[in-house]
Amino acid sequence: MLSCIEPLDYDQIGRHLALTIPEVEAHLAAALYQIDTTVRFIERTRPRLDVE
C-alpha cells in the first residue's frame with residue numbers, strides 16, 4: 001500500500017499548503033514531537049505484562 005504513495009519534498013508540500021519550506025519543517029517537527037510525546041505516554045501508562 002505504501003509503495004503506491006508518491007513521496008513529496010518540503011517544497012512540494014509547501015506549495016500545496018501555501019507554506020514556506022521553514023514553515024513545513026516547523027510543522028513537521030511539531031507533529032513528530034506530538035507523536036513522540038503520545039508514544040511515551042502510552043508506554044508509561046500501559047500495563048506491563050513482563051513484570052511479575
Side-chain angles (χ1 to χ4, degrees):
M1 178 88 174
L2 290 176
S3 63
C4 298
I5 298 172
E6 180 183 331
L8 300 174
D9 61 27
Y10 292 164
D11 185 47
Q12 290 174 311
I13 295 168
R15 282 195 307 262
H16 180 71
L17 299 174
L19 298 171
T20 64
I21 292 173
E23 290 172 323
V24 171
E25 291 173 334
H27 284 284
L28 178 60
L32 290 173
Y33 177 78
Q34 290 175 346
I35 291 168
D36 181 63
T37 301
T38 302
V39 168
R40 288 174 189 259
F41 173 75
I42 291 168
E43 289 176 345
R44 278 195 321 269
T45 58
R46 71 179 173 154
R48 299 271 319 251
L49 300 177
D50 60 342
V51 177
E52 294 183 21

**OP:** Check salt bridge (Lys or Arg N to Asp or Glu O under 4.0 Å) between D9 and all other residues, then give those that pass, not counting sequence neighbours.
**Re:** none
**OP:** Could you list the residues that satisfy side-chain contact (heavy atoms from CB on, under 4.5 Å) with L17, not counting sequence neighbours?
**Re:** I13, L19
Subject >> Contact list for residues 13-26, test salt bridge (charged side-chain N to carboxylate O under 4.0 Å, His left out), sequence neighbours left out >> reply: D11-R15
Subject >> side-chain contact (heavy atoms from CB on, under 4.5 Å) against Y33, all qualifying residues, sequence neighbours excluded >> reply: T37
Subject >> L32-I21 co-clustered via ILVMFWY side chain contacts under 4.5 Å >> reply: yes
Subject >> For R40, all residues meeting side chain to side chain donor-acceptor pair (under 3.5 Å), sequence neighbours excluded >> reply: D36
